[in-house]
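Here is the structure we will look at, set down as structure tokens.
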Amino acid sequence: MPDLSEYQQLAKDMSVDAVALVPGPNFTRALGKPFMSHERPFVVVIPAMGEPAAIVPNLELGSWALVGFDGAVFDWRDQTGYDDAFAALAEHMPLRSLAVEGQVMRVFVSKAFTRALPELRIVDAEREISGLRIIKTDDDIAALQAAIDISERALERVIADVRVGQTEVQIEQALIQALFAEGAASLAFSPIVTAGGNSAQPHGKARADYQIKAGDALLFDFGARKHGFAADITRTFFVAEASDEGREVYGTVLRANLVGFEACRPGATAHDIDDAVTSVLEASPYADRIRTKTGHGLGRDVHEAPYIMRGNDQIMRAGMVWTNEPGLYDLDNFGVRIEDDVLVTKDGCRSLTSFPKELTIIGR
């Protein structure tokens with residue numbers, strides 16, 4: 001039986017009857033195996049007192065048996081629907097309040113709960129539930145490092161073959177192939193490979209009809225997933241040559257990135273780090289090109305707490321991992337972003353990424 005005691009304690013601390021988990025990062029962490037989130041409700045309910053229970057699609061029972069779950073299981077079939085399973089859970093566990101993952105549980109699942117339990121109070125406990133994994137263990141950090149190492153080896157392979165005239169899609173496809181060749185279990189997210197004016201779109205999409213040309217900024221934002229953990233790295237290069245403006249903007253972003261490391265230490269807040277980084281960008285001639293916060297937490301999710309932004313007074317603690325990714329973006333001209341994955345240590349921080357950051361010209 002997986003150890004769910006910390007979720008039981010969370011229910012007690014929040015004064016709710018139970019915590020519910022649905023497939024996603026917290027579900028995988030709690031139960032030790034990943035399951036797909038799809039149109040079929042799949043829920044584990046962990047009460048403050050007593051044994052947990054689960055609502056499981058019948059077709060998943062074989063995989064579910066591998067979890068070693070000893071609590072009550074209410075399965076259901078596509079042909080009959082899931083309302084009876086929720087009703088059976090309600091009879092077994094007459095809940096009055098339930099803490100859920102507000103960013104993960106879907107509306108139709110919450111409605112199934114309230115049909116079975118009309119008086120149920122549903123509480124958004126996203127911060128509290130996900131907060132249980134905000135401090136990474138040694139195994140977590142090792143998994144993150146493996147994902148990052150794979151990603152950096154893949155990037156090194158790809159940039160060696162970049163040539164003027166290739167399209168963004170061609171380079172993106174080469175990057176995906178390289179990630180799997182280097183050992184990725186899956187992609188952390190769909191890679192961003194953008195050039196020229198498209199690189200000024202922080203979440204731009206690769207184009208099949210644009211051939212990169214000399215002087216273009218070429219931005220890669222990507223990551224491998226390994227052992228359930230995601231890398232998230234950005235590097236910006238220049239193709240064949242770099243303009244004076246490109247060099248100045250790049251230097252500004254690099255200075256901001258380095259200041260992020262200087263500002264990171266246990267006891268500092270997410271606000272403190274973002275304020276230090278953003279202040280560098282604001283003091284430059286390119287302040288009007290600021291479009292994003294400094295970064296976000298990283299782990300089983302690509303974006304998770306802590307969010308590195310002004311106004312967030314969350315205190316940084318040893319074991320947290322976050323992305324240091326300042327950027328400057330001039331729409332229809334070019335953008336520059338430099339992103340490292342950073343571990344907070346007991347006396348400061350260290351970068352889990354090691355790919356060089358000095359301005360680099362590729363595709364000569």
Side-chain angles (χ1 to χ4, degrees), residues 1-8 10-11 18-47 51-86 88-90 92-93 95 98-113 116 122 124-126 128-134 136-137 139-140 143-144 146-147 184-190 223-230 298-304:
M1 177 74 170
D3 181 5
L4 302 174
S5 58
E6 61 184 345
Y7 298 96
Q8 284 193 308
L10 180 61
V19 169
L21 302 178
V22 295
N26 295 313
F27 193 97
T28 301
R29 174 182 179 272
L31 298 164
K33 292 188 181 296
F35 287 87
M36 184 185 300
S37 177
H38 45 54
E39 76 279 8
R40 300 179 176 95
F42 195 162
V43 191
V44 172
V45 181
I46 306 156
E51 292 296 316
I55 292 175
V56 181
N58 182 270
L59 61 83
E60 297 278 18
L61 285 178
S63 299
W64 183 247
L66 302 176
V67 171
F69 186 82
D70 291 336
V73 175
F74 305 97
D75 70 296
W76 61 276
R77 298 175 181 269
D78 290 347
Q79 292 82 356
T80 55
Y82 48 79
D83 276 344
D84 287 347
F86 279 87
L89 173 71
H92 174 77
M93 193 183 290
L95 303 170
L98 183 67
V100 307
E101 305 163 89
Q103 293 182 18
V104 184
M105 181 176 280
R106 292 164 296 170
V107 172
F108 78 94
V109 178
S110 68
K111 286 187 173 181
F113 269 113
I122 293 180
D124 181 357
E126 177 68 37
E128 292 80 4
I129 295 171
S130 294
L132 295 175
R133 56 186 171 88
I134 198 169
K136 273 52 182 180
T137 66
D139 286 345
D140 295 344
L144 275 165
S186 62
L187 301 177
F189 54 95
S190 296
R225 187 176 290 277
K226 191 72 173 179
H227 307 306
F229 284 77
L298 179 70
R300 292 182 181 274
D301 265 331
V302 178
H303 283 225
E304 59 184 44

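Annotation: the span from Leu298 atom CG to Phe229 atom CZ amounts to 9.5 Å, rounded to 0.5 Å. Separation of atoms CD (Glu60) and NE2 (His38) is listed at 4.5 Å; rounding is to 0.5 Å. In this structure, CD on Glu128 lies 11.5 Å from CD1 on Ile134, to the nearest 0.5 angstrom. Interatomic distance, Ile46 CD1 to Leu4 CG, rounded to the nearest 0.5 Å: 4.5 Å. For the atom pair Glu51 CD and Met1 CE, the distance stands at 5.5 Å (nearest 0.5 Å). Distance check, rounded to the nearest 0.5 Å: CG of Asn58 to CZ of Arg77 gives 4.0 Å.
A pairwise comparison of heavy atoms in Phe35 and Pro23 identifies O-CB, 3.4 Å as the closest pair. For Ala53 against Leu89, the heavy-atom pair with the smallest separation is CB-CD1, 3.7 Å. In terms of heavy atoms, His227 sits closest to Ala146 at CD2-CB, 4.4 Å. When all heavy atoms of Ala20 and Met105 are compared, the closest pair comes out as CB-CE, 4.1 Å. When all heavy atoms of Ala188 and Val302 are compared, the pair lying nearest together is O-CG2, 3.4 Å. Residues Leu144 and Ala230 share a closest heavy-atom pair of CD2-O, 3.2 Å.
For the 3.5 Å distance criterion, the side chains of Ser5 and Asp3 qualify, holding a donor opposite an acceptor.
Annotation: Glu6, atom CD; neighbour count of heavy atoms from other residues, nucleotides and ligands within 6.0 Å is above 12. Environment of CZ in Arg106: crowded, with over 12 heavy atoms of neighbouring residues, nucleotides or ligands closer than 6.0 Å.
The side-chain heavy atoms of Lys33 and Ser63, taken from C-beta on, include no pair separated by under 4.5 Å. Two residues are said to be in side-chain contact when any heavy atoms from C-beta on lie closer than 4.5 Å; Val44 and Phe69 meet this criterion. Taking 4.5 Å as the limit, some side-chain heavy atom of Leu21 sits within range of a side-chain heavy atom of Tyr7.
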Would you please test Trp64 and Val73 for side chain to side chain contact (heavy atoms under 4.5 Å, CB included) and show each step? CA-CA 10 Å; Trp64 183 247; Val73 175; 3.6 Å; yes
Is there a side chain to side chain contact (heavy atoms under 4.5 Å, CB included) between Phe113 and Val100? Walk through the geometry before answering. CA-CA 11 Å; Phe113 269 113; Val100 307; 5.8 Å; no
Working note: Val45 + Leu95, criterion side chain to side chain contact (heavy atoms under 4.5 Å, CB included); need CA distance, chi angles, decisive distance, verdict. CA-CA 10 Å; Val45 181; Leu95 303 170; 4.0 Å; yes
Residues Arg29, Leu132; criterion side chain to side chain contact (heavy atoms under 4.5 Å, CB included); working and verdict: CA-CA 10 Å; Arg29 174 182 179 272; Leu132 295 175; 4.1 Å; yes
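Between Trp76 and Phe86, the ring centre distance reaches or exceeds 6.0 Å.
Of the possible donor and acceptor atoms, one in the side chain of Glu101 sits under 3.5 Å from a partner among the backbone N and O of Val22. Looking at Arg225, its side chain does come within 3.5 Å of a backbone N or O of Arg300 through a donor-acceptor pair.
Using a 30° and 60° split on the angle between ring planes, Phe42 and Phe27 fall in the perpendicular class, above 60°.
Arg133 and Glu304 are joined by a salt bridge, as a carboxylate oxygen and a charged side-chain nitrogen come within less than 4.0 angstrom of each other.
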